[in-house]
J.: 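Quick one: structure below, then a few questions.
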Amino acid sequence: MASLLGAPLGAVLVAVAGLSGTALVDACSFAAVLAVMVWVRPVAEAERPPRAESLLAGIADGVKLAATDPVLRPALLLTAAAAAGLLPAVALLSPLLARSNGWGPGSAGLVAAGQGVGILLAALLAARLGPMHRIGVGTSLGLALAAVGLAGLTAAPAPAAAIAAAMVAAAGSGVFACHIGPLVLVGAPDTHLSRVQSLLTLVQSLALVVATNVLGWLANAAGARSAIVVCAVLGCVAGVAGLASTPLRGLRQAGS
């Protein structure tokens with residue numbers, strides 16, 4: 001709901017208060033979050049369970065497992081591809097494309113709202129039907145669907161077509177997100193769940209930081225459309241590679 005409502009409200013806020021006013025509202029919202037985090041006190045040291053090993057040893061053990069496991073290794077690579085190709089396309093390139101096409105902040109907000117609708121629909125379907133039994137296949141198909149949506153976004157001649165393409169891209173991203181979590185839970189041993197999930201977050205964050213800068217440079221040099229094409233190609237290649245991976249293709253969710 002935040003993704004669905006935040007984008008059009010943000011567009012209205014930009015039109016009314018400008019970028020500086022919008023940044024001020026954002027700062028106030030983050031200050032509220034910070035206040036809540038300060039208010040929620042951490043568990044006292046005496047209540048924490050003793051650590052069986054050092055932090056660095058635990059990190060090294062998790063990295064070693066993920067790098068050698070036939071399921072976790074491609075899962076992390078697909079996560080990196082999704083973070084590098086899908087997230088910057090939503091947060092960075094879509095607004096740049098709208099500006100380069102002269103659509104204005106209102107249309108840019110509606111494109112972002114279309115992305116929210118796509119993610120929401122994917123989440124509702126997953127909540128109702130659950131993920132595919134072959135969760136590796138579902139993960140890869142989500143990337144491929146997102147690539148199709150991004151390709152349509154580059155060819156959109158008007159805001160309406162861009163909104164529809166953004167919905168498809170976001171739906172694919174949602175399908176990927178709804179499958180990568182169960183995939184990691186099935187592929188990781190019980191003794192390493194927290195380590196693998198932390199590593200998953202780290203891989204996503206690093207890929208996003210690098211890709212945002214690279215794609216921003218590319219959009220400045222060759223245009224936002226060219227940068228989105230790169231994202232579409234990356235998503236397509238990652239989806240096909242995931243479907244070609246025998247361990248991922250044969251992986252089923254627990255109990256199926």
Side-chain angles (χ1 to χ4, degrees), residues 1-4 62 65-90 114-153 164-190 192-205 207-208 231-256:
M1 293 301 296
S3 298
L4 178 62
L65 171 70
T68 56
D69 189 270
V71 171
L72 294 178
R73 185 175 61 250
L76 290 175
L77 292 175
L78 291 185
T79 299
L86 303 185
L87 297 182
V90 172
Q115 295 164 348
V117 170
I119 293 176
L120 183 62
L121 290 176
L124 289 175
L125 285 176
R128 177 66 179 86
L129 303 176
M132 295 175 58
H133 292 301
R134 293 183 179 270
I135 50 180
V137 174
T139 301
S140 304
L141 289 178
L143 286 174
L145 179 61
V148 171
L150 292 178
L153 187 61
M167 289 179 60
V168 174
S173 179
V175 170
F176 171 82
C178 292
H179 285 82
I180 191 65
L183 189 153
V184 170
L185 291 176
V186 171
D190 293 341
H192 289 70
L193 281 179
S194 62
R195 302 177 196 181
V196 171
Q197 288 178 324
S198 299
L199 187 59
L200 194 72
T201 302
L202 177 62
V203 168
Q204 175 178 309
S205 300
L208 178 60
C231 293
V233 171
L234 178 60
C236 181
V237 170
V240 171
L243 290 174
S245 172
T246 301
L248 283 185
R249 193 171 61 248
L251 188 66
R252 296 177 180 269
Q253 62 174 313
S256 63

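Side chains are part of it too, since the values below use all heavy atoms of this structure and drop only hydrogens, waters and symmetry mates.
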J.: Search all heavy atoms of Gly136 against all heavy atoms of Leu183 and return the closest pair with its distance.
T.: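 Looking at all heavy atoms of both residues, the closest pair is CA-CD1, 3.7 Å.
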J.: Report the C-alpha separation of Leu248 and Leu78 in whole Å, then their side-chain angles, then the decisive distance to 0.1 Å, and conclude whether the side chain to side chain contact (heavy atoms under 4.5 Å, CB included) test is met.
T.: CA-CA 11 Å; Leu248 283 185; Leu78 291 185; 3.7 Å; yes
J.: Of all the heavy-atom pairs spanning Arg249 and Arg134, show the shortest one and how long it is.
T.: O-NH1, 3.2 Å
J.: Tell me whether Arg73 contacts the main-chain N or O of Ala66 through its side chain, where contact means a donor paired with an acceptor under 3.5 Å.
T.: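 The answer is no, because no donor-acceptor pair under 3.5 Å joins these two groups.
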J.: Go through the steps to decide whether His179 and Val137 satisfy the test side chain to side chain contact (heavy atoms under 4.5 Å, CB included), and finish with yes or no.
T.: CA-CA 9 Å; His179 285 82; Val137 174; over 6 Å; no
J.: Can you name the closest pair of heavy atoms from Met132 and Gly138 and give their distance?
T.: SD-CA, 3.6 Å
J.: Going from CG on Leu124 to CD1 on Ile119, what distance comes out if it is rounded to the nearest 0.5 angstrom?
T.: 12.0 Å
J.: If you compare all heavy atoms of Leu76 against all heavy atoms of Leu200, which two are closest, and at what distance to 0.1 Å?
T.: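 Looks like CD2-CD1, 3.5 Å.
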J.: Show your working on side chain to side chain contact (heavy atoms under 4.5 Å, CB included) between Leu86 and Leu143 and close with a plain yes or no.
T.: CA-CA 9 Å; Leu86 303 185; Leu143 286 174; 3.9 Å; yes
J.: Nearest 0.5 Å, what's the CG-OG distance between Leu193 and Ser198?
T.: 10.5 Å
J.: Do you know which two heavy atoms are closest between Ser140 and Gly239, and how far apart they sit?
T.: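 Closest heavy-atom pair between Ser140 and Gly239: CB-O, 3.4 Å.
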J.: Look up atom CE in Met167 and atom CG in Leu153, then write down how far apart they are to the nearest 0.5 Å.
T.: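 Rounded to the nearest 0.5 Å, the CE-CG separation comes out at 13.0 Å.
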J.: What is the minimum heavy-atom distance between Leu72 and Val184, and which atoms define it?
T.: CD2-O, 4.3 Å
J.: Is a side-chain donor or acceptor of Thr79 paired with a backbone partner of Ala75 at a separation under 3.5 angstrom?
T.: yes
